[in-house]
Amino acid sequence: MKLQAPKGTRDFYPREMAWQNFLFDAWRKVSVRNGFEQVDGPVFESLDLYKVKSGDGIVSELFHFEDRGGRGMAIRPEFTPTLARMVADRAASLPRPIKWFCMPNFCRAERPQRGRLREFWQWNIDMLGLDSPIADAEVIYTAVDFLREVGLTSSHVRIKLSHRQTVQSILGKLGVPLDRMTEAFALLDRRDKIEEDQFAQQAAVLGLDADSAKRFDEVCRMKYRAGGLDKLRESLAIHDTLDDLRQLDEQLHAFGIADWCEYDLGIVRGLAYYTGTVFEIHETTGAMRAIAGGGRYDRLIELFGGPPTPAVGFGMGDVVISLVLFDKGLIPETIMPRPDVFALALTDAAAKQLAALCIDLRRQGLHTRFSYRSTRSLGKLLKEATACNARYAVILDDKIMERQVEVKDLESGEQWAVGIDQLPQAFSGRARDED
RNA sequence: GUGACCGUAGCUCAGUCGGUUAGAGCACCUGGUUGUGGUCCAGGGGGUCGGGGGUUCGAAUCCCCUCGGUCACCCCA
């Protein structure tokens with residue numbers, strides 16, 4: 001093959017495109033019914049915009065270029081900076097809370113792996129201007145609503161939750177000073193990738209003695225079902241009211257999604273800008289990378305020059321969720337657009353009327369296809385009609401001269417004669433009853 | 001960006017020790033036959049074996065480079 005799609009990108013043939021549309025439809029439908037409004041921004045932004053949040057180091061992860069005036073530009077790798085910019089620009093006039101969603105494509109110059117490509121589409125749900133755990137819970141509820149919509153259950157996937165304030169409070173009581181919290185979170189995130197003694201050593205640098213480091217590690221490995229906060233508190237053996245987590249827990253119950261959720265203090269979410277709730281959605285087997293991730297980021301809008309604005313949201317990429325649904329056999333067979341009518345001609349005289357009849361049906365809004373083949377074999381033509389999953393076949397023979405055709409219901413196999421003027425009604429089933 | 005493994009038709013794969021013109025099933029296309037739906041029959045398109053270079057009388061097969069995929073790092077916004 002001489003020309004191939006660039007590394008980490010995909011071509012969408014009709015079948016893949018149909019799936020993509022199916023997924024997008026589900027994202028949009030769920031977003032809208034939960035009260036979110038769709039937005040979007042430019043595919044590329046000023047390079048500087050991405051440095052604001054992530055620093056200069058981000059540049060190597062971006063596809064970037066100079067425009068003809070020498071200005072640094074980058075193809076968007078995420079939506080949050082654009083969102084922050086949009087909110088900051090109209091902060092005074094937007095009604096609160098702001099509930100927005102989008103499903104744009106992003107590009108990141110990373111090494112592709114399973115579930116991780118260089119171009120992908122991501123569903124973003126964000127809720128701004130409401131500093132209440134209700135917002136956290138509603139955002140998480142929206143994710144659960146989607147999971148249900150595509151046929152997943154709480155036995156397939158789990159929402160793993162943590163809370164930055166809670167973990168920070170625990171770490172503080174174990175001896176980590178406030179100014180080393182960011183490092184402590186980073187260590188927490190890396191704990192599975194480094195040796196035990198290295199972990200202990202690095203923990204010591206942060207002010208944790210051997211005993212505290214061990215407890216720290218233990219706490220982060222335990223999982224607690226929603227509602228199990230008292231157990232969590234006991235096992236911590238640390239006096240902390242866990243107020244932040246407790247309020248969230250109440251709301252998760254109020255939204256009826258507690259059985260999808262589990263507390264896992266080992267969930268950190270890479271970047272430092274999360275301020276409260278953090279969560280990831282994982283397949284329960286744990287085999288795949290996270291399906292979605294998000295949390296509360298109350299400082300970020302300020303960082304982009306807006307007024308102090310509490311915010312919570314998440315992103316879900318199209319790649320992992322598609323792999324998960326494929327693995328679980330949850331991709332429906334019927335994602336391709338289905339013709340209402342497939343018209344076919346059994347004689348040369350009838351073939352001459354085919355186009356006119358189809359155009360007429362199309363003008364009445366019916367998805368109509370016909371055969372381009374010269375064969376007059378009814379068997380072959382019906383096979384063609386079945387192959388594209390048409391609902392009805394319209395069979396033309398010499399009776400077309402008397403304005404009569406046969407209509408065949410391709411699901412039931414029933415067939416009956418219809419005058420061409422009654423054709424559209426024939427498909428509703430009413431005309432048949434009158435016969 | 002670093003390291004490891006992989007790469008034969010759209011898909012799943014066969015291809016002996018390096019040896020003639022690279023194969024099968026499915027899929028796709030055309031027509032014939034049963035006038036009524038994954039039947040049967042006949043025929044067809046499609047591969048410079050991912051690409052380039054090297055070794056050799058001769059390379060899908062051996063060596064190097066490159067592109068792509070997968071896995072682990074990095075990162076995961």
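Remember, it's a predicted structure, so these values are computed and weren't measured experimentally. Each chain gets a letter, A, B and so on, in the order the sequences are listed, and its residues count up from 1.
Nucleotides B:U21 and B:A60 are separated by 10 Å at their P atoms, to the nearest Å. Across the C1' atoms, B:C6 and B:C13 are found 15 Å apart, a figure rounded to whole Å. Remark: the separation of the C1' atoms in B:C49 and B:U61 is 10 Å, to the nearest Å. Comparing the C1' positions of B:G18 and B:G1 gives an interatomic distance of 38 Å, to the nearest angstrom. When the P atom is compared between B:U8 and B:G50, the two are found 6 Å apart, to the nearest whole Å. Spacing of C1' atoms, B:G10 relative to B:A27, comes out at 7 Å, to the nearest Å. Atom name C1', nucleotides B:C17 and B:C40: the rounded distance is 44 Å, in whole Å. The gap from the P atom of B:U36 to that of B:A24 amounts to 33 Å, rounded to the nearest Å.
Using a 4.0 Å heavy-atom cutoff across all strands shown, A:Gly315 reaches no nucleic acid atom at all.
In this structure, A:Trp19 and A:Phe22 have parallel ring planes: the angle between them is below the 30° cut-off, well short of the 60° mark.
Across the protein-nucleic acid pair, A:Asp126 atom CG and B:A77 atom C1' stand 12 Å apart, rounded to whole Å. B:G69 atom C1' lies 15 Å from atom CZ of A:Arg10, rounded to whole Å.
Across all strands shown, B:U30 pairs with B:A42; the Watson-Crick or G-U wobble distances both stay below 3.5 Å. Across the strands present, B:G25 finds its partner in B:C11; the criterion is a Watson-Crick or G-U wobble pair with both atom distances under 3.5 angstrom. Nucleotide B:C73 is matched to B:G1 when pairs are restricted to Watson-Crick or G-U wobble geometry with both distances under 3.5 angstrom.
A:Phe304 is linked by a ring pair (Phe, Tyr, Trp, His ring centres under 6.0 Å) to nothing, counting only residues two or more places apart in sequence or in another chain. The ring pair (Phe, Tyr, Trp, His ring centres under 6.0 Å) test applied to A:Phe63 returns no partner, not counting sequence neighbours. Residues forming a ring pair (Phe, Tyr, Trp, His ring centres under 6.0 Å) with A:Phe326 (at least two apart in sequence, or on another chain): none.
In summary, the aromatic rings of A:Trp27 and A:Phe101 are positioned with their centroids too far apart to meet the 6.0 Å limit. Between A:Trp121 and A:Phe12, the ring centre distance stays below 6.0 Å.
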Can you give each donor-acceptor pair under 3.5 Å made by side-chain atoms of residues 80-89 of chain A, sequence neighbours left out, with the distance rounded to 0.1 Å?
unit_1: A:Thr82; atom_1: OG1; unit_2: A:Glu45; atom_2: OE2; d: 2.8
unit_1: A:Arg85; atom_1: NE; unit_2: A:Glu45; atom_2: OE1; d: 3.3
unit_1: A:Arg85; atom_1: NE; unit_2: A:Glu45; atom_2: OE2; d: 3.4
unit_1: A:Arg85; atom_1: NH2; unit_2: A:Glu45; atom_2: OE1; d: 3.4
unit_1: A:Arg85; atom_1: NH2; unit_2: A:Glu45; atom_2: OE2; d: 2.7

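In this structure, a donor-acceptor pair under 3.5 Å is present between the side chains of A:Glu280 and A:His282.
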Sequence-aligned protein contact record of nucleotides 1-9 of chain B, with B where the base is within under 4.0 Å of a protein heavy atom and S where only the sugar-phosphate is: BBB------

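For A:Pro112, the listed nucleotide lying nearest its side chain is B:G69; candidates were B:G69, B:A77, B:C76.
Residues A:Asp126 and A:Val312 fail the side-chain proximity criterion, which asks for heavy atoms closer than 4.5 Å.
Residues from residues 373-389 of chain A lying near RNA chain B, meaning a heavy-atom separation below 4.0 Å, are A:Arg373, A:Ser374, A:Thr375, A:Ser377, A:Leu378, A:Lys380, A:Leu382, A:Lys383, A:Thr386 in numerical order.
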